[in-house]
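Read the structure below first, then the notes.
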Amino acid sequence: MASVSSQPQFRYTQPPSKVLHLRNLPWECTEEELIELGKPFGKVVNTKCNVGANRNQAFIEFADLNQAIAMISYYASSSEPAQVRGKTVYLQYSNRQEIVNNKTTADVAGNVLLVTIEGQDARLVSIDVLHLVFSAFGFVHKITTFEKTAGFQALVQFSDAETATSAKNSLDGRSIPRYLLSESIAPCTLKITYSAHTDLSVKFQSHRSRDYTNPYLPVAPSAIDGSSQLSVGLDGKKLEPESNVLLASIENMQYAVTLDVLHMVFSAFGPVQKIAMFDKNGGMQALIQYPDVQTAVVAKEALEGHCIYDGGFCKLHLSYSRHTDLSIKVNNDRSRDYTVPNPAMANPQPSGFGQQPVQTMGPAAHQYNGTQYGPGSGQPMMPHQPSAGWGSGVPGVPQSTPVQMTNHPYMPQTTPGTMQMPGGYGGVPPAGSVPPYRPNQM
DNA sequence: AGCACA
């Protein structure tokens, strides 16, 4: 018998197989479409679609080799290429002799979907956003999320396979709508298969899992650490484990973000007790500690996704830290405990949080000279349209807090001193020249 | 537009 030597280079001389390999298929090509395509040439006994990294390849297996040959021969000499939905698809014999395992468990329709959230910021997609996305197709019973090697995944349970299928068909391969995400979050694509589960076991309401059929389920003990508290919403809003400590990561950091800049920005919402900065994943992150959760919540909602500098520079991503009290060992340009008087500081600040403890912070603060303000414009920047991705007038989408900056001033009037830079620091240029960050005044 | 990981 003729040995089939594998020679990937010479695809044109691929030996015949009753399995055909198709590529350049339109997105989400269905098995039905593949059958339609192959049917004129013979009996399609198996298919496999959504193959390859782009999921635009597929296999068709004919009952008989001659049928596959007929199809290849036909299109080899046809003036019309093979098409699916008007898109040219390219055919060749597969280098395999049969389709293995097309109908796996992952393809058996069920009421539970396995959702993989892909994207740089997949982990930032909240369970609430997922709930919102999937609720469009029917009542979502439960959601669990977890991290696997495959990335950030979720199991989404519907009442029945039909609902799950409609959600899968509509959402698989699609991105989470921009307006549901902070503008700073990179696009997140959903890859969906069926799960073999039929009923998820959700023991607690937490930021990792929800049971929407039982809103009175206890809140996860792990989510109630220390002073953090959960505002449990039945509608699936705001169930993150809030904390008085925020984790800030800064994206697109074209301009240096110093401790003082962070202090100023975050002081707009209340007293900042401690800040710790560190490098992570090639970027910079910081932990910002407020005395209470409420202040942190306000700050997070106001600042999330916003840029410290105009032009999309230094975008803030905020999440709640699991810390409740930072341990600041030493006050330096990376970490600071503002609650203890620092002998190195000319001005201990008993009263004013908004006070800039920067008098001695020469080097860092001095990086902020006029030329670094904005990209070429000496203009102070406010996060103009802080949320380009939100509030785009999309109907039916809950416009939650972050968008409504109008009634949500960055700088509460009740905190005098905060960010009153001009003249406020009596001839302390560094502070005054710090961040071109401004409350969004509208 | 170029071969599947259940």
Side-chain angles (χ1 to χ4, degrees), chain A residues 2-38 41-42 44-65 67-118 146-155 161 164-165 168-169 172-173 189-198:
Chain A
S3 70
V4 179
S5 64
S6 56
Q7 293 177 323
Q9 306 94 313
F10 299 112
R11 295 290 163 92
Y12 296 111
T13 58
Q14 198 76 45
S17 161
K18 57 184 164 59
V19 180
L20 301 185
H21 175 229
L22 321 203
R23 49 188 205 272
N24 198 220
L25 286 158
W27 194 246
E28 278 307 301
C29 176
T30 63
E31 176 175 26
E32 288 70 31
E33 289 171 311
L34 296 178
I35 294 173
E36 282 303 307
L37 192 65
F41 306 96
V44 176
V45 296
N46 206 351
T47 65
K48 185 168 184 61
C49 23
N50 302 321
V51 166
N54 299 125
R55 297 166 64 87
N56 59 357
Q57 300 174 45
F59 297 93
I60 295 179
E61 179 176 341
F62 284 101
D64 189 84
L65 177 62
Q67 298 167 349
I69 293 173
M71 186 166 179
I72 291 292
S73 306
Y74 174 82
Y75 284 114
S77 57
S78 165
S79 54
E80 285 291 309
Q83 293 181 326
V84 171
R85 275 181 250 164
K87 192 160 190 258
T88 297
V89 305
Y90 302 89
L91 313 172
Q92 62 193 156
Y93 296 115
S94 172
N95 52 209
R96 306 213 196 168
Q97 293 303 117
E98 62 181 1
I99 293 177
V100 301
N101 250 357
N102 184 30
K103 293 286 189 284
T104 63
T105 54
D107 288 318
V108 172
N111 65 318
V112 177
L113 298 176
L114 172 62
V115 181
T116 304
I117 300 103
E118 295 182 344
F146 47 93
E147 296 245 17
K148 280 283 188 63
T149 48
F152 186 51
Q153 295 188 305
L155 289 163
T165 300
K168 177 179 183 292
N169 290 341
D172 189 18
T189 305
L190 301 173
K191 295 294 167 61
I192 305 178
T193 59
Y194 292 106
S195 164
H197 290 91
T198 55

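Below, chain A is the first sequence line, B the second, and so on; all start at residue 1.
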Discussion item. Below 4.0 angstrom, which residues in residues 50-62 of chain A have at least one non-hydrogen atom near DNA chain B?
Written reply: A:V51, A:Q57, A:F59
Item to complete: For a side chain to side chain contact (heavy atoms under 4.5 Å, CB included) with A:N54, tell me which candidate from A:V51, A:N56, A:N50 qualifies.
Response: A:N56
Practice prompt. Specify the separation, in whole Å, of atom CZ of A:R96 and atom C1' of B:dC5.
Written response: 9 Å
Worksheet item: Please give, in whole Å, the distance from B:dA4 C1' to A:N95 CG?
Response: 10 Å
Discussion item. Could you work out, with side chain to side chain donor-acceptor pair (under 3.5 Å) as the rule, every residue matching A:R96, not counting sequence neighbours?
Written reply: none
Discussion item. Between C1' on B:dG2 and CG on A:L91, what's the gap in Å once rounded to a whole number?
Written reply: 13 Å
Practice prompt. Please state how far atom CG in A:L25 lies from atom P in B:dA4, giving the value in whole angstrom units.
Written response: 15 Å
Worksheet entry | Nearest-nucleotide pick for A:I99, side chain only, options being B:dA1, B:dA4, B:dC3 | B:dA4
Worksheet item: How would you list, by chain and number, every residue that makes a salt bridge (Lys or Arg N to Asp or Glu O under 4.0 Å) with A:E98, sequence neighbours excluded?
Response: none
Item to complete: Flag the pair A:Y74 / A:F41 as yes when their ring centroid distance falls below 6.0 Å, and as no otherwise.
Response: yes
Discussion item. Pick the closest DNA chain B nucleotide for A:E98 and for A:R23 by heavy atoms, then say which residue is nearer the 5' end.
Written reply: A:R23
Practice prompt. Can you tell me the distance, in whole Å, between the CD atom of A:Q97 and the P atom of B:dA4?
Written response: 15 Å
Fill in: All side-chain contact (heavy atoms from CB on, under 4.5 Å) counterparts of A:E36, not counting sequence neighbours
A:K39
Discussion item. Any carboxylate oxygen within less than 4.0 angstrom of a Lys/Arg side-chain nitrogen, looking at A:E31 and A:K48?
Written reply: no
Worksheet entry | Nucleotide of B:dA1, B:dA4, B:dC3 approaching A:H21 most closely (side-chain heavy atoms) | B:dC3
Discussion item. What is the separation between atom OH on A:Y93 and atom P on B:dA1, rounded to the nearest whole Å?
Written reply: 23 Å
Discussion item. Rounded at 0.5 Å granularity, tell me how far OG1 in A:T47 sits from CD in A:E61.
Written reply: 10.0 Å
Worksheet item: With sequence neighbours excluded, what pairs up with A:R85 under the salt bridge (Lys or Arg N to Asp or Glu O under 4.0 Å) test?
Response: A:E33
Discussion item. For the SG atom of A:C29 and the CZ atom of A:R55, what is their distance to the nearest 0.5 Å?
Written reply: 11.5 Å
Worksheet item: What integer distance in Å separates A:N24:CG from B:dC3:P?
Response: 13 Å
Discussion item. Requiring both pairing distances under 3.5 angstrom, list the stems that contain DNA chain B and are made of three or more consecutive Watson-Crick or G-U pairs.
Written reply: none
